[in-house]
There are 2 protein chains.
Amino acid sequence: MTVTSEESARELLEVVPVVMREIRSQMRSRRSLELTIPQFRTLAFINRNKGSSLYEVSDHMGLTPPSVSNLVDGLIERGMMTREEHPTDRRRVRLAVTSHGRAILETATRETLAYLAEKLSNVTPDNREVIAKAMEILRMTFARSVRSRS
Amino acid sequence: MTVTSEESARELLEVVPVVMREIRSQMRSRRSLELTIPQFRTLAFINRNKGSSLYEVSDHMGLTPPSVSNLVDGLIERGMMTREEHPTDRRRVRLAVTSHGRAILETATRETLAYLAEKLSNVTPDNREVIAKAMEILRMTFARSVRSRS
DNA sequence: TATTGTTATACTCTATAACTATA
DNA sequence: TATAGTTATAGAGTATAACAATA
């Protein structure tokens with residue numbers, strides 16, 4: 001089998017939105033958690049990168065600074081994050097996830113993974129390997145080039 | 001390599017949103033087209049299923065009827081779709097894509113595919129095969145069960 | 001009564017433009 | 001003057017609740 005770029009592009013365009021919708025609707029169905037995908041990603045990124053500035057987050061997520069500022073506002077209101085002044089550059093903020101936010105993030109992650117894993121349990125191990133490998137390839141292909149900001 | 005359901009679930013949850021964001025931002029960057037992903041999917045589905053009812057569309061897309069009604073309103077306003085009465089059941093509508101809508105759909109498809117294909121041209125043929133195979137598996141795993149409505 | 005669809009309402013996501021504060 | 005961030009504003013996507021029309 002030879003797969004052209006066009007054919008694999010077509011597959012991506014058909015299938016990715018379907019999987020995305022599944023993830024989204026599953027996440028929203030957990031009323032107790034009530035995290036949207038952007039909120040989830042924001043929380044996850046800042047959890048991994050404690051003390052990030054707003055620009056670092058927006059760079060990573062491919063969103064504009066106002067969009068991230070909005071997202072952060074909502075997460076702070078709900079007690080999941082903090083926004084502090086940078087110690088040496090007062091223009092910047094230092095974002096961090098609270099323990100409450102971390103707990104919610106972990107629960108949301110666990111439940112969403114459990115849901116996906118349950119779906120994937122019907123897939124043969126060989127095919128799961130194909131999926132994992134494809135995700136690695138896609139991750140490298142679509143990863144944002146990291147713009148460094150000192 | 002043995003991949004558990006949990007591991008492949010984690011990969012999906014990390015990578016799918018990234019690819020989705022690429023597709024979305026590319027689609028929006030074509031100012032002349034100005035189709036969002038939901039608009040694109042709606043148009044594409046109705047193009048493939050001429051005369052669909054609103055419920056058929058909402059079932060397929062996993063959206064509520066009011067959401068689809070909204071989407072359809074916007075597409076009709078912009079001359080891409082029509083909404084007609086069903087000949088024998090006056091509760092229903094018959095949705096169809098206009099030739100203008102089809103032209104826009106085709107252009108959007110072509111340009112988005114070209115963009116994705118360009119990204120994928122850096123991927124080896126073997127790896128493209130892995131991606132294509134993974135998409136097939138995911139398509140079957142996450143496909144909505146078709147609720148038939150006579 | 002059940003089904004199909006719309007309207008009313010509200011909230012989130014996202015962007016652009018304009019602004020403030022700091023470097 | 002350049003950078004970091006917020007506020008103002010607007011449009012799209014989505015849901016639930018309430019409704020109207022038809023079967």
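Chain identifiers are assigned alphabetically (A, B, ...) following the order of the sequence lines, protein sequences preceding nucleic acid strands; residue numbering begins at 1 within each chain. What you see is a predicted model; the values in this text were computed from it and never measured.
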Got a list of side-chain donor-acceptor pairs under 3.5 Å for residues 9-18 of chain B, not counting sequence neighbours?
| unit_1 | atom_1 | unit_2 | atom_2 | d |
| --- | --- | --- | --- | --- |
| B:Glu11 | OE1 | A:Arg139 | NH2 | 2.8 |
| B:Glu14 | OE1 | A:Arg139 | NH1 | 2.7 |
| B:Glu14 | OE1 | A:Arg139 | NH2 | 3.4 |

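Applying the side chain to side chain donor-acceptor pair (under 3.5 Å) rule to B:Thr2 yields no partners; only residues at least two apart in sequence or on another chain are considered. Partners of B:Val3 according to the side chain to side chain contact (heavy atoms under 4.5 Å, CB included) rule, which considers only residues two or more places apart in sequence or in another chain, are A:Arg128, A:Glu129, A:Ala132, B:Met1, B:Glu7, B:Ser8. For A:Thr141, the side chain to side chain contact (heavy atoms under 4.5 Å, CB included) partners at least two apart in sequence or on another chain are A:Ile137, B:Lys119, B:Val123. Checked against ring-ring contact (aromatic ring centres under 6.0 Å, His included), B:Phe40 has no partners two or more places apart in sequence or in another chain.
Side-chain nitrogen and oxygen atoms of A:Thr64 include at least one within less than 4.0 Å of the OP1 or OP2 phosphate oxygen of C:dA15.
Nearest nucleotide to the B:Arg90 side chain, out of D:dT14, C:dA15, D:dT22: D:dT22. Side-chain proximity of B:Thr36 to the nucleotides C:dT12, C:dT14, D:dA12 is greatest for D:dA12.
Closest-nucleotide positions on DNA chain C for B:Arg24 and A:Thr88 were compared, and the one nearer the 5' end corresponds to B:Arg24.
Atom CG of A:Leu75 and atom P of C:dC13 are 8 Å apart (whole Å). In this structure, A:Met27 places its CE atom 17 Å from P of C:dT12, rounding to the nearest Å. Regarding A:Leu35, its CG atom lies at a distance of 18 Å from the P atom of C:dC11, rounded to whole Å. Between A:Met61 atom CE and D:dG5 atom P there is a gap of 15 Å when expressed in whole angstrom units. The separation between A:Ile37 atom CD1 and C:dT14 atom C1' is 16 Å, rounded to whole Å. If you take NE2 of B:His86 and P of C:dT3, they are 17 Å apart, rounded to a whole angstrom. In this entry the distance linking CZ of B:Arg78 with P of D:dA12 reads 7 Å, nearest Å. In this structure, the CG atom of B:Leu71 is 11 Å from the P atom of D:dA12, given to the nearest Å.
Residue contacts shown for B:Thr42 are absent, as no nucleic acid heavy atom lies under 4.0 Å away.
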Where do N or O atoms of nucleotides 5-10 of chain C meet protein N or O atoms at under 3.5 Å, pair by pair?
| unit_1 | atom_1 | unit_2 | atom_2 | d |
| --- | --- | --- | --- | --- |
| C:dG5 | OP1 | B:Leu54 | N | 3.4 |
| C:dG5 | OP1 | B:Val93 | N | 2.8 |
| C:dG5 | OP2 | B:Leu54 | N | 3.3 |
| C:dG5 | OP2 | B:Tyr55 | N | 2.9 |
| C:dT6 | OP1 | B:Arg83 | NE | 2.8 |
| C:dT6 | OP1 | B:Arg83 | NH2 | 3.3 |
| C:dT6 | OP2 | B:Ser69 | OG | 2.6 |

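Exactly one of B:Thr42, B:Leu43, B:Asn49 qualifies for a side chain to side chain contact (heavy atoms under 4.5 Å, CB included) with B:Ile46. That residue is B:Thr42.
In this structure, B:Leu95 and B:Met81 have side chains that are in contact, with non-hydrogen atoms separated by less than 4.5 Å.
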